[in-house]
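Please read the structure below before turning to the comments.
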Amino acid sequence: MIQFQDKFIVRFSWFLMFFIALQPVLDVLTSISILYYESTVTVGIIVRVLVMLFALIYIFCWQHSKLKKVSLIYLSSILLIIGIGFVTAWVVKPNFQLFAEGQYYAKTFIFLSCLLATSWR
C-alpha cells in the first residue's frame, strides 16, 4: 500500500510539472477558442481549474509531509488575499464581471497550487 502511494505521489508531481510546462499550449488553445467561437468559457480555463482542484485535493488529503501545516496556512492566506481582492473589485469597479474576475484569480492561483503540490514531498 505504501509503495502505491509513493508511486502516485511521484507520478502526480511529474504530471503537475509537465502541466506547468504545457501552459503555452493551453494559452494557444484559449486564443483559438476565443477567436473562432467567441466564448468566455475556454478549454484552457476548464483544464486549469480541474488540475487546480486535483492539486488542492492532493494537498489536503494525500500529502503527508512535515510541512503540510505550513502549506495549508500559506494556501489559506493566499485564498484570503484573493477573496479580499475579489470583494474589492466588486465594490470599486464600475463594470464588474464575475466570470472575468474569477478567471483572473484562477489563473493567478493555479501556479501556486501546482507548485505547492509538487514541492512538499
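No experiment lies behind these values; they were computed from the predicted model shown.
Between the OG atom of Ser77 and the CD1 atom of Ile82 there is a distance of 9.5 Å, given to the nearest 0.5 Å. Ile78 contributes atom CD1, which lies 8.5 Å from atom CG of Leu116 (distance to the nearest 0.5 angstrom). Separating the CE atom in Met17 from the CG atom in Leu22 is a distance of 13.0 Å, to the nearest 0.5 Å.
Taking the side chain to side chain contact (heavy atoms under 4.5 Å, CB included) definition, one finds that Leu98 meets it with Phe86, Phe96, sequence neighbours left out. Not counting sequence neighbours, the partners of Tyr36 by the side chain to side chain contact (heavy atoms under 4.5 Å, CB included) test are Ile32. Judged as a ring pair (Phe, Tyr, Trp, His ring centres under 6.0 Å), and not counting sequence neighbours, the contacts of Phe12 are Phe8, Tyr58. Annotation: side-chain hydrogen bond (donor to acceptor under 3.5 Å, both in side chains) contacts of Gln97 (sequence neighbours excluded): none.
The stretch residues 77-106 participates, sequence neighbours left out, in these salt bridge (charged side-chain N to carboxylate O under 4.0 Å, His left out) pairs: Lys93-Glu101. Counting only residues at least two apart or in different chains, side chain to side chain donor-acceptor pair (under 3.5 Å) contacts with residues 19-35 comprise Gln23-Arg48, Asp27-Arg48. The salt bridge (charged side-chain N to carboxylate O under 4.0 Å, His left out) analysis of residues 76-88, with sequence neighbours excluded, yields no pairs. Screening residues 75-85 for salt bridge (charged side-chain N to carboxylate O under 4.0 Å, His left out) gives no qualifying pairs among residues at least two apart or on separate chains.
A continuous path of Ile, Leu, Val, Met, Phe, Trp and Tyr side chains, each step under 4.5 Å between heavy atoms, connects Ile46 with Val49, placing both in one hydrophobic cluster. Both Ile57 and Val51 are members of a single hydrophobic cluster when ILVMFWY side chains are connected at heavy-atom separations under 4.5 Å. Criterion: ILVMFWY side-chain heavy atoms under 4.5 Å apart, direct or through other members. Under it, Tyr74 and Leu56 are part of a common hydrophobic cluster. Residues Tyr105 and Trp90 fall within the same hydrophobic cluster, defined by Ile, Leu, Val, Met, Phe, Trp and Tyr side chains chained together at heavy-atom separations under 4.5 Å.
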Show me, pair by pair, the donor-acceptor contacts under 3.5 angstrom made by side chains of residues 106-114, not counting sequence neighbours?
| residue | atom | partner | partner atom | Å |
| --- | --- | --- | --- | --- |
| Thr108 | OG1 | Tyr104 | O | 2.9 |
| Ser113 | OG | Phe109 | O | 3.3 |
| Ser113 | OG | Ile110 | O | 3.0 |

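Using a 4.5 Å heavy-atom threshold, the side chains of Leu16 and Phe54 count as separate.
Apart from Leu80 itself, the hydrophobic cluster it occupies contains Ile84, where clustering links Ile, Leu, Val, Met, Phe, Trp and Tyr at side-chain heavy-atom distances under 4.5 Å.
Atom CZ of Phe18 sits in a sparse spot, with 12 or fewer heavy atoms from other residues, nucleotides or ligands closer than 6.0 Å.
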